[in-house]
S.K.: 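Got a structure for you, written out below as structure tokens; questions coming shortly.
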Amino acid sequence: MQTISSYESLSHSKWNCKYHVVFVPKYRKKVLYGQIRKFLAGKFHELATQRNCKIEKGGMVQDHVHMLISIPPKYSVAEIIGYIKGKSAIAVARQFGGKQRNFSGEKFWARGYAVSTVGFEVEQIRSYIKNQEQLDSAGYEEQGEF
């Protein structure tokens, strides 16, 4: 059970808003491996930090991303996930596609995402993300925790 001391603070509120988010590459292509996986792990943390969010646990398997993310109540989940997906797609295009300008990144991530509030089941979600990585590792050498 969490106490009030484990809550974050804004100027007029205490909050603890955690979400389990899952999103996939366009056409569910199995592209999240190797250098792209390593690049995206750092990029996701950087982008979350820019919006005062924190990725508490994350995992990438070859065809989807799991994220346990803490988002301040002043932002909507859609706003943050849209920001992370959009900016990371542009960064991948620049890093791996040779595109430096005039690229919107529209061909990397699929449009939607799945989200659920976590509440006090944080450890269950962390365990679930870790188990997903273990299930996916059959046939792949690397796992993608971030």
Side-chain angles (χ1 to χ4, degrees), residues 6-119 121-146:
S6 66
Y7 283 48
E8 301 285 331
S9 292
L10 291 171
S11 60
H12 297 284
S13 62
K14 294 275 192 188
W15 61 275
N16 184 358
C17 303
K18 291 180 176 59
Y19 304 92
H20 177 213
V21 179
V22 181
F23 52 93
V24 300
K26 198 159 202 148
Y27 310 116
R28 198 96 187 214
K29 289 184 179 176
K30 297 179 183 348
V31 295
L32 300 177
Y33 57 88
Q35 293 297 327
I36 291 177
R37 181 178 281 175
K38 290 175 187 165
F39 176 78
L40 280 174
K43 185 56 72 176
F44 287 154
H45 283 284
E46 176 188 327
L47 293 169
T49 302
Q50 289 174 7
R51 291 290 186 261
N52 301 320
C53 300
K54 183 178 181 206
I55 298 173
E56 300 198 6
K57 180 79 172 160
M60 280 183 267
V61 294
Q62 77 268 13
D63 68 346
H64 62 281
V65 174
H66 283 273
M67 193 180 290
L68 175 61
I69 186 169
S70 180
I71 300 174
K74 68 181 183 175
Y75 296 114
S76 72
V77 176
E79 179 181 357
I80 297 302
I81 300 307
Y83 178 79
I84 289 173
K85 286 173 60 178
K87 295 295 186 182
S88 66
I90 291 168
V92 165
R94 287 185 176 154
Q95 186 74 22
F96 300 99
K99 303 268 187 174
Q100 292 301 316
R101 301 179 58 166
N102 300 327
F103 185 77
S104 61
E106 73 276 356
K107 297 193 190 258
F108 195 78
W109 299 115
R111 284 183 56 188
Y113 62 92
V115 63
S116 67
T117 55
V118 173
E121 296 85 25
V122 173
E123 290 308 315
Q124 289 174 312
I125 298 298
R126 287 177 202 242
S127 176
Y128 174 76
I129 291 171
K130 185 173 178 111
N131 288 337
Q132 284 291 302
E133 292 166 0
Q134 290 170 351
L135 290 173
D136 183 65
S137 65
Y140 295 90
E141 295 98 42
E142 54 187 286
Q143 293 184 10
E145 187 173 314
F146 60 94

S.K.: Tell me the closest heavy-atom pair linking Ile129 and Leu68, and the distance in Å.
M.R.: CD1-N, 4.0 Å
S.K.: Atom CD1 of Ile69 and atom SG of Cys17: how far apart are they, to the nearest 0.5 Å?
M.R.: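 Interatomic distance, Ile69 CD1 to Cys17 SG, rounded to 0.5 Å: 11.5 Å.
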S.K.: Would you give the length of the straight line joining atom CG of Asp63 to atom OH of Tyr27, rounded to the nearest 0.5 angstrom?
M.R.: 16.0 Å
S.K.: Are Phe108 and Ile36 close enough that some pair of their side-chain heavy atoms sits under 4.5 Å apart?
M.R.: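 SC-SC contact between Phe108 and Ile36 confirmed.
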S.K.: State the NZ-CD distance between Lys29 and Gln62, to the nearest 0.5 angstrom.
M.R.: 15.0 Å
S.K.: What is the minimum heavy-atom distance between Tyr113 and Ala78, and which atoms define it?
M.R.: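 Looks like OH-CA, 3.2 Å.
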S.K.: Checking side-chain polar atoms at under 3.5 Å, does Lys54 have a donor or acceptor matched by the opposite partner on Ser70?
M.R.: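 Not at all, the side chains of Lys54 and Ser70 share no donor-acceptor pair under 3.5 Å.
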S.K.: Nearest 0.5 Å please: distance from the CD1 atom of Ile84 over to the CG atom of Leu47.
M.R.: 6.5 Å
S.K.: In Å and rounded to the nearest 0.5 Å, what is the CD to OG1 distance from Glu46 to Thr49?
M.R.: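 The OG1 atom of Thr49 is 8.0 Å from CD of Glu46, to the nearest 0.5 Å.
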S.K.: Distance from Phe39 atom CZ to Arg94 atom CZ, nearest 0.5 Å?
M.R.: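 Spacing of CZ (Phe39) from CZ (Arg94) equals 10.0 Å.
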S.K.: Can you name the residues that form a side-chain contact (heavy atoms from CB on, under 4.5 Å) with Val24, not counting sequence neighbours?
M.R.: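 Result, side-chain contact (heavy atoms from CB on, under 4.5 Å) vs Val24: Arg28, His64, Ala110.
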S.K.: Determine whether Val65 and Leu40 make a side-chain contact, defined as any pair of heavy atoms from C-beta on separated by less than 4.5 Å.
M.R.: no
S.K.: What is the minimum heavy-atom distance between Leu32 and Val61, and which atoms define it?
M.R.: CB-O, 3.3 Å
S.K.: Please determine, by modelled atom types, if Ser88 and Trp109 share a side-chain donor-acceptor pair under 3.5 angstrom.
M.R.: yes
S.K.: Applying side-chain contact (heavy atoms from CB on, under 4.5 Å), name anything that partners Ser116, two or more places apart in sequence or on another chain.
M.R.: His20
S.K.: What salt bridge (charged side-chain N to carboxylate O under 4.0 Å, His left out) pairs are there with at least one residue in residues 74-83, not counting sequence neighbours?
M.R.: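 The answer is none; no pair qualifies.
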S.K.: Can you confirm whether Phe23 sits close enough to Lys85 that some side-chain heavy atom of one is under 4.5 Å from a side-chain heavy atom of the other?
M.R.: yes
S.K.: Does Thr117 have any side-chain contact (heavy atoms from CB on, under 4.5 Å) partners at least two apart in sequence or in another chain, and if so, which?
M.R.: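 For Thr117 the side-chain contact (heavy atoms from CB on, under 4.5 Å) partners, ignoring immediate neighbours, are Tyr19.
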S.K.: In chain order, what residues pass the side-chain contact (heavy atoms from CB on, under 4.5 Å) check against Arg51, with sequence neighbours excluded?
M.R.: Cys53, Tyr75, Ile80, Tyr83
S.K.: Taking salt bridge (charged side-chain N to carboxylate O under 4.0 Å, His left out) as the definition, give me every residue that meets it alongside Glu56, ordered by chain and number, with sequence neighbours left out.
M.R.: Lys18, Arg126
S.K.: Could you report the tightest heavy-atom contact between Ala41 and Met60, atom names first, then the distance?
M.R.: N-CE, 3.6 Å
